[in-house]
Amino acid sequence: MTVLIKGGTVVNADRSFRADVLCDDGVITAIGENLTAPSGAQTIDAGGQYVMPGGIDPHTHMQLPFMGTVASEDFESGTSAGLAGGTTTIIDFVIPAPQQNIMEAYRQWREWAEKSVSDYTFHVAITWWDDSVYEDMGTLVRDHGVNSFKHFMAYKNAIMCDDETLINSFTRARELGAIATVHAENGDLVFRLQKEVFEKGITGPEGHPLSRPPEVEGEAANRAIRIAEVLNVPLYVVHNSCKQSLQAITRARNEGQRVYGEVLAGHLLVDDSVYNDKDFEVAAAHVMSPPFRDKSHQEALWHGLQSGNLQTTATDHCCFCADQKAAGKDDFRLIPNGTGGVENRMEVLWHHGVSTGRLTMNEFVKVTSTNAAQIFNIYPRKGSISVGADADIVVWDPEASKTISAKTHMQKVDYNIFEGMTVTGCASHTLSQAKVVYANGNLTVERGAGRYVERPAFASYYDAVQKRAQNAQPIAIDRS
Ligand code: URP
Ligand code: ZN
Ligand code: ZN
C-alpha cells in the first residue's frame, strides 16, 4: 500500500517542519515538500495537522492472568484500541508464574499475541531464580530480541521478586547488555499494612491506598536504584506515582547513574479521591498499584517529565470489568489490580501537557514515543518520522475535540478512568506499517497484522557500564 500524507507539519522529537510524507511497503520512503502521489496511492490531507511518530506504550498487560482472573482486554482488542488513539506499538510483559519455565512462558505470550493488529514486543519478568533462568535470559537476549527484564518488588506470595533474585537477575542482565526494570513497592511492607488496615475493619477500596503509601514505593525505588548502582546495570523504574520515587531517580541521575523513569497518564491526571467514592464499582475500578495519589504528587510528576528526570509515559493498561473487580467486594486485597488507558494516553497528554504549555510538541513526541524507542533500543525504526523508519504514524488534529467515555471507547472494559474528560487534540488518522488503520473514528484493522519486534541488546549501555566499572577501580598507590 502506498500512502501520501500531504500538507502537514512533521513533528519529531528534535524539530518540526512542513513536509509531505510518502509511505510504501511498510516504511517511510520520502519526506519533502510538494511530493506527488504515485498512481494508485491513497492521499491523506493533513492540512493544519501534525504528523508524528506513532505512540509507543512501553507498559501494557493484554489478557494477563492475574489475581485469579484474566485481564479483559486481549491482544487484538487492546492493540486496536491503541491504534484508535495513535499508539502503534506496545511493549507488553511475559510474566512467568513462580517456578514456571521462562521459555515456556515466553512462547505462551508469543502465541497469545499473534492476533495483535499493531506491532508489539515484550519485557520478560523474572519471578524466581535457578540456573535455568540464568540460561534462559541468555537465550532470550541472543535469540529472541528481548533486552529488558522486569522485577516485581510487590505482590508477595505471587510474583514478587526477593532481593536475592533481584541481584542475580540484575547481574545477569548486565552480563547480557540488557536493561533491568522494576515495579517498585516494598511487597513485605504492603502485605503487613494490608493486614493492619483490614483488621481495623477497613475492608473497602479505600483500604487500598492506605496499605500502599508513597514511602513504600520510595523505599523500593531507592533500593532497586542502589542495587543497580552497585551492580552497574542500567535501570528503568516503571509507573512512578509519587515524589518519593521521583526523588530517588532524580538523585541517582544527578550522580551520573543510568536510571530511567516512567509515569502513567493516570498518575498524572487522576487523584486518590476516587477511592472514597461511595459506589464500590467506581472505587474498585481505580484499584491499581501503585495507587492514585493526592494532587501534590501529580504536580511533581509533571515536573519530572518537564525536567527530563522521567522520560516515558505509559498506561499499565490492565483491564478488569466490574464483575471481576467484585471478587474484592468484602476485602480490598482481592480486587484485581489494574486500570486501562491505551486508547487515551496520547490525547490526555496532549490536552493536559501541550495545550497547557507544560510540554512542547517535540517534548510530547519524546515522552510518548521517541524516548521509549531509544531506551528499549528500537530507534529509529520506531519513534521517528525519517526515511527508512517503519511507517507507524499518527496524524494529529489539534482542533478536534471529544469527551472520553466508556460508553464510546473501543477498549474492552466497562470503565474509563478518564470518564467525562473533554480533550482537544486527537488522532485523525493512524498508520501502521504504511496502512491507514484508523481514520476519523473508523478502524480498519487486520487480525494478526501486528509483528513481534525484536530489540537487540545494548552494546552502548554495555560499553558504558564496562568503562564505568573500570574507572571505579581503586587507584593503586605506589608505597615503595
Ligand atoms: O495494578 C497494576 N498495575 N496491575 C498490573 C500489574 C502491575 O503491577 O503492573
Ligand atoms: Zn506494576
Ligand atoms: Zn504493569
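Atoms within a ligand are numbered from 1 in the order they appear, just like the ligands themselves. These numbers were taken from a predicted model, which means no experiment stands behind them.
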Exercise. For ligand 1, is any non-hydrogen atom under 4.0 Å from Asn337's backbone (N, CA, C, O), its side chain (CB onward), both, or neither?
Worked result: both
For this session: Heavy-atom distances under 4.0 Å are what count here, so tell me which part of Met288 touches ligand 1: side chain, backbone, both or neither.
Result: both
Exercise. So does Lys295 pair up with Asp272, basic N to acidic O under 4.0 Å?
Worked result: no
Problem set entry | Note: Lys243-Asp294 ion pair, threshold 4.0 Å (strictly below) | no
Taking the six-membered ring for Trp, are [X] and [Y] parallel (under 30°), tilted (30 to 60°) or perpendicular (over 60°)?
X	Y	value
Trp350	Trp396	tilted
Phe152	Phe93	tilted
Phe292	Tyr275	parallel

For this session: Number the atoms of ligand 1 from 1 as they appear, then name those within less than 4.0 Å of a heavy atom of Ser289, with their elements.
Result: 1 (O), 2 (C), 3 (N), 8 (O)
Identify each donor-acceptor pair in which a side-chain atom of residues 324-332 lies under 3.5 Å from a protein atom, sequence neighbours left out, and give them as a table.
from: Gln324; atom 1: OE1; to: Cys321; atom 2: N; distance (Å): 2.8
from: Gln324; atom 1: NE2; to: Thr69; atom 2: OG1; distance (Å): 2.8
from: Gln324; atom 1: NE2; to: Val70; atom 2: O; distance (Å): 2.8
from: Lys325; atom 1: NZ; to: Ala284; atom 2: O; distance (Å): 3.1
from: Lys325; atom 1: NZ; to: Val287; atom 2: O; distance (Å): 3.0
from: Lys325; atom 1: NZ; to: Pro336; atom 2: O; distance (Å): 3.0
from: Lys325; atom 1: NZ; to: Gly338; atom 2: O; distance (Å): 2.9
from: Asp331; atom 1: OD1; to: Arg333; atom 2: N; distance (Å): 2.9
from: Asp331; atom 1: OD1; to: Arg333; atom 2: NE; distance (Å): 3.0
from: Asp331; atom 1: OD2; to: Arg333; atom 2: NE; distance (Å): 3.4
from: Asp331; atom 1: OD2; to: Arg333; atom 2: NH2; distance (Å): 3.1

Exercise. With distance as the sole test, does Glu229 use its side chain to make a donor-acceptor pair with the main-chain N or O of Gln257 at under 3.5 Å?
Worked result: no
Exercise. Quick one: does Phe93 get a heavy atom under 4.0 Å from ligand 1?
Worked result: no
For this session: Taking 2.8 Å as the upper limit, name the protein N, O or S atoms near the Zn ion (ligand 2).
Result: His183 ND1, His239 NE2
For this session: Mark yes or no: Lys156 above the aromatic ring of Phe191, with NZ or CZ under 6.0 Å from the six-membered ring centre and no more than 45 degrees from the axis.
Result: yes
Exercise. Of all the non-hydrogen atoms in the protein, which one sits nearest to atom 8 (O) of ligand 1, and at what distance?
Worked result: Tyr155 OH, 2.6 Å
Exercise. Considering only protein heavy atoms, which is closest to atom 3 (N) of ligand 1, and at what distance to one decimal place?
Worked result: Asp316 OD2, 2.6 Å
For this session: Answer yes or no for His61: is there an N/O/S atom below the 2.8 Å cut-off from the Zn ion (ligand 3)?
Result: yes
Problem set entry | Side-chain H-bond candidate by donor/acceptor type, Asn377 with Arg455, under 3.5 Å | no
